[in-house]
Number of protein chains: 2
Amino acid sequence: MAEARRRRARGGAARTREVLLQAAAEVFAERGYDGASVDEIAGAAGVSVGSIYSRFGSKRNLFRQLMTQYMERDLIRVRDGFAAGPEGGLRALDDLVQETATSRRQTLLDAETWASAMRTPALRSLLAEHENGVQSAAAALVRRGRAETGHEFGVPDDELAVLLTSLFHGLCRQHRLDPGSVPPGLYTRTVTALSRGLAEQAAGADRPGH
Amino acid sequence: MAEARRRRARGGAARTREVLLQAAAEVFAERGYDGASVDEIAGAAGVSVGSIYSRFGSKRNLFRQLMTQYMERDLIRVRDGFAAGPEGGLRALDDLVQETATSRRQTLLDAETWASAMRTPALRSLLAEHENGVQSAAAALVRRGRAETGHEFGVPDDELAVLLTSLFHGLCRQHRLDPGSVPPGLYTRTVTALSRGLAEQAAGADRPGH
DNA sequence: GTCTATAGCATGATAGAC
DNA sequence: GTCTATCATGCTATAGAC
């Protein structure tokens with residue numbers, strides 16, 4: 001293939017991996033894991049099928065590497081967003097709902113990742129571990145928020161963190177299904193109301209009979 | 001196939017459809033849409049491949065029929081749960097989180113349905129319409145709750161309904177990834193706190209400066 | 001390491017007997 | 001309507017030249 005040679009000539013040999021991963025993201029997203037053929041992925045990357053097997057060994061492993069790459073980027077992004085502190089962290093998540101739910105590729109890849117993970121124990125562990133990392137970061141953010149404002153929520157930090165990420169994913173899903181039903185800021189507003197309600201309940205529990 | 005004839009002999013010809021749908025649910029769940037072969041589905045149902053094509057016309061249509069069947073059942077179940085009124089309705093959703101997220105088949109079918117829907121516009125509309133039906137029922141429940149308790153939440157009924165279902169799906173996801181992190185009753189407790197917080201905010205907005 | 005070519009197999013769908 | 005048998009195609013993965 002002339003195009004293959006042209007593209008390979010431009011980048012170094014080490015770059016083939018990145019080109020392949022990007023092409024894999026495109027094709028896996030659009031066709032699904034089983035629907036994607038290594039031929040098409042290689043074609044989209046401008047390399048040959050042989051390259052895939054020499055670098056990744058198998059189609060399954062290529063997908064796995066892709067998953068890991070995306071999860072790493074995701075975790076970094078969340079942590080960076082959280083660095084601004086509790087309020088900034090919430091706003092960052094709000095933006096993430098809008099952005100990731102608007103991106104077609106991200107939507108399709110997330111769906112494919114989830115379906116594969118539910119079917120394959122090894123991938124499931126990988127994803128669970130990732131979610132756990134995000135929730136640890138969220139829990140740290142909650143702790144910091146308590147320290148700064150003095151508010152107590154009456155539930156363990158971990159449980160609140162689980163609620164924060166669950167609501168996040170739930171709103172992503174909703175946005176993807178019907179974008180108009182999730183206005184910007186909804187995530188933040190909801191979390192604010194939830195925190196307030198939890199704090200109220202906690203205060204009420206301290207005064208039995210009330 | 002001896003077994004095929006045996007099973008067909010037991011049920012009427014009209015039953016073939018149901019048997020096929022059940023087998024399809026099993027195989028589509030375990031292998032994914034593309035990974036499932038019509039041969040295996042026919043085998044699991046105890047009929048021949050020809051039956052599938054005479055009754056459903058194509059593999060894609062078989063999956064579509066399966067989707068519709070499950071969505072109808074789901075909607076009926078939700079509406080039945082809501083019939084008990086606001087408190088009972090919440091408890092029903094809480095039970096649904098535990099049950100559907102524990103069922104392997106439901107988990108895998110939901111994942112496959114979602115992935116297919118995101119990729120295929122026709123299926124996406126189908127799923128969006130279903131979700132809309134559930135949310136209408138939820139909005140009616142919210143209206144009823146307001147009427148009975150007199151509480152105002154400061155947000156439109158539809159928006160609150162969207163939050164209820166989004167949180168539901170988010171917690172289902174979380175439960176499926178890490179069952180231990182979603183104790184029974186978490187959904188109800190969270191919604192209670194959220195309602196309380198929203199009502200507080202609404203009351204606060206009526207008294208600017210507070 | 002990357003190419004081309006191909007092996008070896010599974011797939012969705014159809015034809016025609018009954 | 002359901003069966004069996006088959007077609008045409010597409011697939012993952014490998015072999016061997018360079």
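All values derive from a computational prediction rather than experimental measurement. FYI, side chains are in, hydrogens and waters are out, and symmetry mates aren't considered; it's all heavy atoms of this structure. In the text below, chain A, chain B and the rest are named by the order of the sequence lines, each starting its count at 1.
What separates OH of A:Y53 from C1' of C:dT4 is a distance of 15 Å, to the nearest Å. Here D:dA13 presents its C1' atom at 16 Å from CZ of A:F56, a figure rounded to the nearest Å. Summarising the geometry, the separation between CD1 on B:I41 and C1' on C:dT11 is reported as 12 Å, rounded to the nearest angstrom. Atom CZ of A:R15 is separated from atom P of C:dG1 by 17 Å (rounded to the nearest Å). Regarding B:D39, its CG atom lies at a distance of 13 Å from the P atom of D:dC3, rounded to whole Å. One can place CD1 of B:I52 at 13 Å from P of C:dT14, the figure rounded to the nearest angstrom. Atom CZ of A:R31 is separated from atom P of D:dG10 by 12 Å (rounded to the nearest Å). As rounded to whole Å, 20 Å separates atom P of D:dT9 from atom CG of B:D34.
Salt bridge annotation for B:R144-B:E148: present, with a cationic side-chain nitrogen under 4.0 angstrom from a carboxylate oxygen. Salt bridge annotation for B:D110-B:R176: present, with a cationic side-chain nitrogen under 4.0 angstrom from a carboxylate oxygen.
For the pair B:R55 and D:dT2, the criterion of a side-chain N or O lying under 4.0 Å from OP1 or OP2 is met. Regarding contacts with the backbone of C:dG1, every side-chain N or O of A:T16 stays at 4.0 angstrom or more from both OP1 and OP2. Taking 4.0 angstrom as the limit, B:S37 places a side-chain polar atom (N or O) nearer than this to OP1 or OP2 of C:dT11.
In this pair, A:F28 and A:Y33 present their aromatic rings parallel. The plane angle is below 30°, not in the 30 to 60° band.
Closest-nucleotide positions on DNA chain D for A:A36 and B:V49 were compared, and the one nearer the 5' end corresponds to B:V49. The 5' end of DNA chain C is approached more closely, in terms of each residue's nearest nucleotide, by B:E40 than by the other of B:E40 and B:G57.
With B:F82 as the aromatic partner, B:R79 does not meet the cation-pi criteria of under 6.0 angstrom to the ring centre and within 45 degrees of the ring axis. Judged by a 6.0 Å distance limit and a 45° cone about the ring axis, B:R73 is positioned over the six-membered ring of B:Y70.
Among the nucleotides D:dT14, D:dT2, C:dA13, the one closest to any side-chain atom of B:S51 is D:dT2. Taking the side chain of A:S54 as heavy atoms from C-beta on, and the options C:dC3, C:dG1, D:dA13, the nearest nucleotide is C:dG1. When distances run from any side-chain atom of B:S58 to the nucleotides D:dC3, D:dA13, C:dA13, the shortest one goes to C:dA13.
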